[in-house]
Each structure stands twice: as structure tokens, then as C-alpha cells.
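Chain letters run A, B, ... following the sequence lines, proteins first and then strands; every chain starts at 1.
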Number of protein chains: 2
Amino acid sequence: MSVNLVRQLNSHDADFAQALKKLLAFSAADDAAIEAAAAKILADVQARGDEAVLQYTQQFDRLSKDQANSVKALEISKADLMAALNALPQNQREALEAAAQRVKSYHERQKIESGCHSWDYADEDGTRLGQKVTPLDRAGLYVPGGKAAYPSSVLMNAIPAKVAGVSEVILVVPTPDGVRNQLVLAAAAVAGVDRAFTIGGAQAIGALAYGTATIPAVDKIVGPGNAYVAAAKRRVFGTVGIDMIAGPSEILVLCDGKTNPDWVAMDLFSQAEHDELAQSILLCPDQGFIDQVQKSINQFLPEMPRQAVIKKSLQDRGAMILVKDMEEACEIANSIAAEHLEISAENPRKWAELIRHAGAIFMGPYTSESLGDYCAGPNHVLPTMRTSRFSSPLGVYDFIKRSSMIEVSDQGAQHLGKIASTLAHGEGLQAHARAAELRLKK
Amino acid sequence: MSVNLVRQLNSHDADFAQALKKLLAFSAADDAAIEAAAAKILADVQARGDEAVLQYTQQFDRLSKDQANSVKALEISKADLMAALNALPQNQREALEAAAQRVKSYHERQKIESGCHSWDYADEDGTRLGQKVTPLDRAGLYVPGGKAAYPSSVLMNAIPAKVAGVSEVILVVPTPDGVRNQLVLAAAAVAGVDRAFTIGGAQAIGALAYGTATIPAVDKIVGPGNAYVAAAKRRVFGTVGIDMIAGPSEILVLCDGKTNPDWVAMDLFSQAEHDELAQSILLCPDQGFIDQVQKSINQFLPEMPRQAVIKKSLQDRGAMILVKDMEEACEIANSIAAEHLEISAENPRKWAELIRHAGAIFMGPYTSESLGDYCAGPNHVLPTMRTSRFSSPLGVYDFIKRSSMIEVSDQGAQHLGKIASTLAHGEGLQAHARAAELRLKK
């Protein structure tokens with residue numbers, strides 16, 4: 001027997017709660033040095049604008065003055081985006097366009113179903129109340145450079161913004177040593193990105209938040225980035241909106257033991273291959289099945305190009321947990337509140353009903369997380385690190401905002417004025433009271 | 001002629017853009033000492049739990065060991081909340097309950113209209129996609145102590161949470177020197193608050209975010225507070241959700257010159273009386289009307305109990321701006337993106353259509369902001385400091401979250417698997433590709 005690569009836990013063990021807590025423990029280190037560096041860059045960009053952006057870009061992305069002699073020169077034209085798309089091999093272009101079409105179609109449905117519309121009603125005395133929904137004017141999309149530059153993320157961030165009706169989506173992507181990722185550019189073309197700049201880091205976040213002579217200020221910044229980008233986003237929150245600060249990716253598979261163990265093993269791999277800090281966990285009531293998955297893991301691992309990352313992630317942060325039954329698996333899943341939750345079981349909706357906290361729920365053996373990552377339609381930007389307890393997948397609703405609409409009739413003002421006056425006096429706010437009283441007819 | 005209390009600007013002046021920018025300039029000082037103090041308290045509460053909470057409460061709220069000998073002793077029982085309600089004068093109780101009823105009714109409508117429901121559809125190959133909506137398990141509501149303790153804010157924060165279906169709403173309110181605000185307790189009873197603790201400051205935020213032996217950890221913290229509370233909320237963001245960090249209150253009145261100038265003056269007062277930093281601005285195309293409002297201000301000011309605050313606020317941060325016409329007023333209003341926007345004009349909806357950015361829009365002369373603050377129904381927790389460009393009034397949607405639901409059919413997996421495989425190989429994520437490929441039927 002080979003040794004198990006992935007640690008095994010048993011929900012029956014006396015120390016299980018403690019072991020689970022230890023397994024899940026992760027905190028993005030608050031690095032004071034990174035925070036200070038990001039703050040300094042932001043302040044500099046706010047003060048010096050284009051000049052500061054250019055200087056940091058030359059420095060951090062190792063661009064010579066010939067490659068980058070102005071921020072204007074760092075803009076990628078729409079023609080360049082289209083050229084990147086046109087230069088793709090036919091199968092890649094078709095896949096990208098098919099994925100974009102499905103993502104768009106899902107988010108169009110989401111726009112309708114998720115209340116991204118204005119509404120209004122009148123009460124009995126003619127007072128009209130409601131909310132007006134308006135898309136953001138301008139959104140900024142941060143795309144990491146180098147190895148973590150994912151064209152699929154361009155689609156997932158830009159498409160909901162465009163479906164929401166955002167007038168201008170501005171993409172920033174660093175190009176270390178001047179190397180442009182053609183798939184990212186092609187995805188920007190497919191997603192309808194309006195403008196794109198080859199800048200990154202805290203300086204790009206500063207440019208988007210404060211605006212410079214060349215780069216217009218946006219209203220919200222979305223998209224993942226490194227620790228400097230995360231620190232900068234956290235800091236500009238309030239000046240602009242931001243999406244969540246993403247942690248390492250997570251998958252939790254609930255399996256009744258009836259799925260092909262190879263499929264489950266590969267689904268665990270597909271999270272683990274992202275990052276050594278990524279977390280893959282299996283919950284299953286069947287020890288025999290767990291053993292089979294361990295076997296599949298041992299068998300597949302040597303074939304995987306990213307085996308080093310997968311192995312470290314599974315060893316350090318992975319687990320297989322033997323549970324009493326699927327009900328208990330659902331309870332544990334709620335306490336984990338995973339980013340990706342696969343319910344690989346017969347009648348998966350029965351178990352999904354018991355789930356309160358998860359970023360996305362993948363139901364049934366055919367729904368591999370990777371299908372959702374690329375092309376099923378729903379967004380792959382999902383809440384990590386237990387934040388699915390209070391936050392949602394990135395969606396059209398992140399690119400609209402609401403204004404309350406209140407039109408009190410003269411009749412309504414008589415009734416409401418007395419209530420407001422009483423409460424305002426109770427709070428010691430006499431001008432509030434008086435403003436209501438002035439509208440009362442004697 | 002008396003001197004004008006409020007500064008006047010003219011949109012025709014060459015330096016108007018500059019003057020407007022200066023008028024609006026405000027930044028909540030990033031006070032490093034406050035941030036460090038809040039961070040230290042949070043870390044201490046995380047490490048020592050109840051013991052730390054108790055110690056800071058005794059210290060900062062000047063409670064003796066007799067008044068506070070355990071965190072358990074700091075809990076206000078439901079009976080105490082009900083007793084506070086029962087002890088209110090009849091007119092206050094009726095006003096509070098009438099306001100609560102209207103706020104509840106509006107938010108119930110909002111729950112339906114704003115997409116706080118699950119949805120689902122199937123595509124042509126039997127793949128089912130959708131989103132599941134779940135209320136948060138537990139929400140924390142911070143209520144400031146002392147003079148800024150507003151019972152109306154208890155209603156506005158707790159009611160949307162309860163309408164959303166949050167199981168447990170936990171209120172914290174500091175009681176300096178042991179003094180409880182009976183109106184706040186009564187409002188908590190009316191709003192259906194589940195548990196209440198007399199704690200405040202960064203220590204209360206820490207207790208809600210991390211949980212202690214006595215105080216359960218919540219999933220989201222809402223409600224305004226002082227600079228320490230704001231710094232602590234910003235810091236625990238990610239561990240829990242938070243609402244926006246609120247700045248000083250703002251009102252912008254767009255008036256066509258046909259409203260009673262006394263009404264407009266008092267509406268400007270009712271914002272100014274909150275805080276010396278509050279901002280009240282009037283935009284009007286009629287200089288004669290602006291003069292009348294200045295006159296009303298001079299006339300009313302001596303009668304106001306909070307005249308010192310009103311005067312300083314209006315002098316330092318107020319303005320009356322003469323505009324070319326109402327169209328221009330709407331343009332300027334969009335650049336200001338005010339928390340409260342009154343359109344005091346004939347046919348106000350004509351102008352409201354031109355407004356893209358405002359927290360709440362009060363339409364017509366009878367809709368004083370104070371009616372909206374207390375009892376019209378919509379929420380009075382609104383985005384300040386231009387954040388209405390990207391954020392919304394507090395609402396039911398802040399107390400629910402969504403999970404994507406994906407169930408790919410075996411047929412769907414054939415089609416989607418090929419797309420996912422191509423894209424995953426393009427991104428160098430071979431396990432993602434393989435997971436999709438394993439589901440392909442040979």
C-alpha cells in the first residue's frame with residue numbers, strides 16, 4: 001500500500017472540531033511593509049499623476065524609456081485588441097467566443113432576476129416610493145500580468161459590467177519586460193473592454209481611483225492582484241468601490257461515493273494546481289471511496305505538468321474527511337463556507353437545500369468545477385476565506401447602484417409630518433421637526 | 001441689508017469649477033494614532049475575548065466593577081427592551097411604531113423588487129443554472145452612545161435585516177457612565193432586535209467580528225460610529241462584511257424657485273444641525289429666490305436650539321449656487337453625487353430622470369428630507385462623500401447573499417467540456433482541462 005498523499009480526518013474523532021479549525025486556519029498576513037509601500041505609491045500617484053505612474057511602470061515592469069515614454073504610449077488601442085483576437089488559432093477563438101456568449105447570456109438573465117431594475121409604488125395617500133437603478137459610469141478592471149494572467153478572468157469581470165450598462169470599462173494589465181499576453185488582449189476584445197493600459201501594481205490602482213491626465217478616474221475597481229494591489233485596493237475603498245479582497249482558491253467536494261473516483265481526484269487537482277495555498281477538501285461517508293480517490297490521486301499525479309504545486313497544496317492544505325452521512329457533510333460544509341462546493345451525489349438538489357454558505361454550488365457528477373470556471377455561464381469570481389457567509393459571486397448587481405425615490409403628496413405630508421415631528425423632537429433635532437411642521441396645513 | 005450667512009456661487013463665473021471643488025473637498029483624516037489604537041484593541045479582544053471586552057468597557061465607558069462585573073451582565077434582556085417601550089409616552093410610542101411599520105412595508109416591497117429571491121433556468125441541453133439567495137445567519141448593529149444615539153437609526157438598520165430573514169440581530173450600544181437611552185431600547189424592541197449588549201467602541205466591533213464566550217460572532221456589522229469604530233470596522237472587513245464608512249451628512253436642494261423659501265431654508269437647517277461638518281447646498285436658477293432663502297435663514301436661525309452648529313455648518317460648508325437652468329443644476333448634482341437630493345420643483349420627475357448619482361431623491365415641495373429620515377419608508381442610511389456613484393442605500397439586499405447554482409447535464413458536459421478544455425490548456429491549467437475531458441464520452 002502506498003502512503004496516502006492527502007491527510008484523512010474522521011468527523012467521529014473527539015478532536016475533529018479542533019483538527020478542522022486547524023485545517024481551515026489561514027490569514028492573509030497583514031504585511032506592514034507592503035501596506036506602507038502601497039500607501040506611498042498611492043499618495044505619489046495622487047500628487048503627481050501620469051508622471052508617477054510612468055516612473056513606477058518603468059521601474060517595476062522593467063520598461064525602458066523607449067518602451068514607455070508617456071502614459072499615452074502605455075494605452076493599448078482597440079485595433080491592437082482586435083488584432084490579438086484575429087491572430088488566435090481558430091479553436092481558441094471559437095472557445096473564447098462561445099464562453100463569452102454563455103457568460104453574457106447568464107448575466108443577462110441575472111440582470112433580470114436579481115432586481116437590477118427601477119421600481120415604484122404609491123401608498124393610499126398618494127405618496128410614491130421606490131428605487132431608481134443606475135449603472136456605474138466607469139469601472140476599472142485589474143488583470144494580473146505574467147503567469148497568473150487569465151483571459152477567462154477578463155471575461156468574468158468585464159461582461160457583467162457591460163451587461164449592467166457601465167459606459168466605460170477600463171482594463172489595466174502590467175506587462176513586465178514589455179511582454180503582452182495575447183490571450184488577455186483577445187479576451188478584452190471579446191468582452192467589449194473600452195480602453196486598456198499596460199500598467200499594474202499599486203500605481204495602476206491609484207491611477208484608476210484618482211484619475212490622471214491620461215487615465216480617467218473610475219467609480220469601482222474589480223479584479224484580483226498581488227499583495228501590493230490588494231493593499232492598495234483596500235486603501236482606496238471609499239474613494240471608489242472595490243470587489244472583495246480574494247484569498248487562495250478553495251474547493252470542497254461532497255460525494256456520496258457514487259461518482260467515478262478519478263473525476264473527484266481530478267476536481268481536487270484542478271483547485272490545487274492554482275496555488276500551493278489553494279485548498280481541496282473531500283467530505284464523504286464512504287471510507288472505501290476515499291481510499292479509491294487516494295489511489296486515483298497517486299496514479300494521476302505523476303502525469304500532471306503542475307504536479308509540484310498540486311502535491312504541496314494537497315499535502316499542506318488538503319484533506320479527506322470521513323463523515324457519518326451526507327446530512328453531516330452539509331453541516332460541515334456550512335461551517336467551511338467554501339468558495340466552490342461540488343455536490344457529486346445522486347439527487348444533489350436534496351443536499352443543496354441544506355447548504356446555506358457557498359460561493360458556487362456544482363451539482364451532480366458531470367458538473368466539474370472547471371466547467372463553471374470557464375463556460376457554464378455563472379461568474380468564476382467568488383467569495384473565498386469563508387466570506388460566502390456574507391458575500392456573493394461577482395455579478396451584474398455589483399455594477400449598478402440604487403437611489404431611493406420619495407415623492408410625498410400634500411396629503412401624505414400631513415400624516416407623516418406629525419410622526420416625523422414627534423420622533424425628531426425625541427432625538428433633539430428641532431430643525432428636522434420644524435421642516436416637517438412647516439408642511440402641515442393649519 | 002443683512003450680510004448673507006451662506007456663501008453664494010455662480011455657475012457662470014470663470015472660477016466656478018475650482019470653487020465647487022474647494023467647497024466639496026473633504027477627507028476623513030486618516031489618523032494613524034486612532035488606527036493603531038483600534039488595531040491594538042481588536043487584537044486584544046481576539047486574544048482575550050470577554051476579559052478584554054469587559055476591561056475596555058469599564059475603562060472607556062467609566063463603568064465600575066459593580067456596574068459591569070461580567071460581559072453577561074452587560075446584556076440587556078428582552079424584558080428590559082420591552083419595558084423601555086412600555087414606558088414611553090403614548091405619542092412617542094405611536095410615532096415609533098408607525099414609523100417602523102412604514103419602514104417595514106417599504107423594505108418588504110424592496111425584498112420583492114430588488115431580486116432577493118432564488119432563481120433558476122435550464123438551457124437547451126438540460127443544464128440548469130441559477131442563483132440561490134440566503135439571508136445572513138447573524139448581523140451586528142452598532143448604535144452610538146450619548147448624544148448621537150438615534151432610535152430612528154435602530155429601526156433603519158435592524159428592520160431590513162429582519163425583513164431579509166436574518167435569524168439573529170445583535171445590537172451593541174455603549175452606555176457611558178451606565179446611562180441607557182430608553183428611546184434606543186424601545187426602538188430595538190419595536191424593530192425586533194434579538195439580543196443587545198451595552199458595549200461600544202473598537203472593543204464592540206472586535207467582539208462582533210471574532211466572537212467571545214458570551215457574544216456570538218456575526219457575519220456582517222452595520223451602523224455608524226466614531227473614528228475608532230470606523231477604523232475597527234475597516235480593519236475587520238473580510239472577516240465579516242461591513243456597510244459603508246459614513247462621512248458627514250449632506251443635502252443638495254435643487255429648486256426652481258417656486259417652493260416656499262422658508263421650507264427650503266429649514267431643509268438646509270435640518271442637515272446642518274447634525275454636525276458642523278455637515279454640508280447643505282442649494283442650486284437654483286433664480287437669484288431672487290436665493291435672496292429670499294437667505295432672508296428666511298436669517299429669520300429662523302435665532303429660533304433654533306442648535307443654532308451654533310447650524311451656523312458653523314452653513315458658514316463653513318454651505319453654499320447657494322446660482323445656475324443657468326434646471327438642466328445645469330442636474331449636471332452639477334451628478335458631479336456632487338449627494339447623499340440627500342431634494343428636487344423641490346414643479347414636475348420633479350422630469351429632473352429626476354437626469355440624475356444619475358444620489359443616495360436618495362426627494363421629489364416635490366412636500367417631500368422634506370426629514371420625512372424620509374423618519375417615516376416615509378425608505379432607508380435613511382445612505383452613501384455619503386460622493387459614494388453614491390457606486391453604492392446604494394442600506395437595504396434588504398445588504399443582508400442576503402447569493403450562491404451560484406450549476407447543474408450540468410451529461411449532454412451539456414460534452415459540449416462545455418470541449419470549450420473548457422481548450423481554454424484551460426490556453427491558461428496552462430491542465431488539471432482543469434483534464435477534469436473536463438474525463439467527463440467526455442468517447
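Side-chain atoms of A/Y121 and B/E113 include no donor-acceptor pair closer than 3.5 Å. Donor-acceptor pairing under 3.5 Å is lacking for the side chains of A/D219 and B/H357.
Residue contact with chain A, scored on non-hydrogen atoms closer than 4.5 Å, involves the backbone of B/S409 exclusively. Contacts of B/T239 with chain A are made by backbone atoms alone, with heavy-atom separations under 4.5 Å and no side-chain atom involved. Contacts between B/A433 and chain A at a heavy-atom distance below 4.5 Å are absent for every atom of the residue. Heavy-atom distances place the backbone of A/P365, and not its side chain, under 4.5 Å from chain B. Heavy atoms of B/S403 lying under 4.5 Å from chain A belong to its backbone as well as its side chain. Interface remark: A/D410 contributes backbone and side-chain atoms alike to the contact with chain B (heavy atom separation under 4.5 Å). Interface remark: B/R138 contributes no atoms to any contact with chain A (heavy atom separation under 4.5 Å). In this structure, chain B has a heavy atom under 4.5 Å from the side chain of A/D123, while its backbone stays farther away. For A/T384, no part lies near chain B; criterion is any non-hydrogen pair under 4.5 Å. For a residue to count as touching a neighbouring chain, one of its non-hydrogen atoms must lie under 4.5 Å from one of that chain's; by this rule A/Q411 does not touch chain B. If you measure heavy-atom distances from A/R349 to chain B, the contacts under 4.5 Å come from the side chain alone. Contact of B/R439 with chain A is made through backbone and side chain together, with heavy-atom distances under 4.5 Å. Heavy atoms of B/L183 lying under 4.5 Å from chain A belong exclusively to its side chain. Only the backbone of A/S391 comes within contact range of chain B, with at least one heavy atom under 4.5 Å from a heavy atom of that chain. With a 4.5 angstrom heavy-atom cutoff, A/M304 touches chain B only via side-chain atoms. Using a 4.5 Å cut-off between heavy atoms, A/A139 makes no contact with chain B at all. In this structure, no portion of A/V184 lies under 4.5 Å from any heavy atom of chain B. Interface remark: B/E97 contributes no atoms to any contact with chain A (heavy atom separation under 4.5 Å).
Of the listed residues (A/A424, A/P348, A/A99), the greatest number of heavy-atom pairs within a distance under 4.5 Å of chain B belongs to A/A424. Ranked by heavy-atom pairs shorter than 4.5 Å toward chain A, the options B/C116, B/A265, B/P135, B/G130 are led by B/G130. Between chain A and the residues B/G247, B/A352, B/G359, B/A413, the most heavy-atom pairs under 4.5 angstrom are made by B/G359. If you tally non-hydrogen atom pairs under 4.5 Å between each of A/G412, A/S118, A/A420, A/A436 and chain B, the highest count goes to A/A420. For the options B/M405, B/Q92, B/Q271, B/E303, heavy-atom pairs under 4.5 Å to chain A are most numerous at B/M405. Of the residues considered (B/G364, B/G395, B/P393), B/P393 shows the highest number of contacts with chain A, using heavy-atom pairs under 4.5 Å. When each of B/G372, B/P151, B/A98, B/G377 is scored by its heavy-atom pairs under 4.5 Å with chain A, the top score falls to B/P151. Taking A/K418, A/R356, A/R386 one by one and counting their heavy-atom pairs under 4.5 Å with chain B, the maximum is reached by A/R356. Of the listed residues (A/R128, A/H415, A/H425), the one with the most heavy-atom contacts under 4.5 Å to chain B is A/R128. Interface summary for chain B: among A/A435, A/G238, A/G426, the most heavy-atom pairs under 4.5 angstrom belong to A/A435. Your options are A/E369, A/M244, A/H274, A/K220, and the one with the most heavy-atom pairs under 4.5 Å with chain B is A/H274. The greatest number of non-hydrogen atom pairs below 4.5 Å with chain A, out of B/V264, B/T134, B/L416, is found for B/L416.
Between A/Y397 and B/R402, the closest side-chain pair of non-hydrogen atoms falls below 4.5 Å. Using a 4.5 Å heavy-atom cutoff, the side chains of A/R389 and B/L136 are not in contact. Residues A/E94 and B/T422 have side chains not in contact (no heavy-atom distance under 4.5 Å, counting atoms from C-beta outward). Counting heavy atoms from C-beta outward, B/K401 and A/S388 have side chains that stay 4.5 Å or more apart. At least one side-chain heavy atom of B/R102 sits under 4.5 Å from a side-chain heavy atom of A/L129. In this structure, the side chains of A/L423 and B/S152 stay at 4.5 Å or more apart for every pair of heavy atoms. Contact annotation: the side chain of B/N379 never approaches that of A/S404 to less than 4.5 Å [non-hydrogen atoms, C-beta and beyond]. For the pair A/L429 and B/Y150, the minimum side-chain heavy-atom distance is below 4.5 Å.
Minimum interatomic distance between A/V408 and B/L371 (heavy atoms only, all atoms of both residues): CG1-CD1, 4.0 Å. When all heavy atoms of A/I419 and B/A95 are compared, the closest pair comes out as CG2-O, 3.5 Å.
Here the straight-line distance linking atom CD of A/E437 with atom OG of B/S370 works out to 9.0 Å at 0.5 Å rounding. Of the inter-residue distances, the one linking B/L438 atom CG with A/Y366 atom OH reads 11.5 Å to the nearest 0.5 angstrom.
A side-chain donor-acceptor contact under 3.5 Å links B/K132 to the backbone of A/I355. A donor-acceptor pair is defined here as one N or O able to donate and one able to accept, closer than 3.5 Å; no such pair exists between the side chain of B/Q430 and the backbone of A/P305.
A centroid separation of less than 6.0 Å is found between the aromatic rings of A/F237 and B/F237.
Ring-plane geometry between A/H432 and B/Y374 is classed as perpendicular, the angle between the planes exceeding 60 degrees on a 0 to 90 degree scale with a lower cut at 30.
With sequence neighbours excluded, no residue satisfies side chain to side chain donor-acceptor pair (under 3.5 Å) with A/N334.
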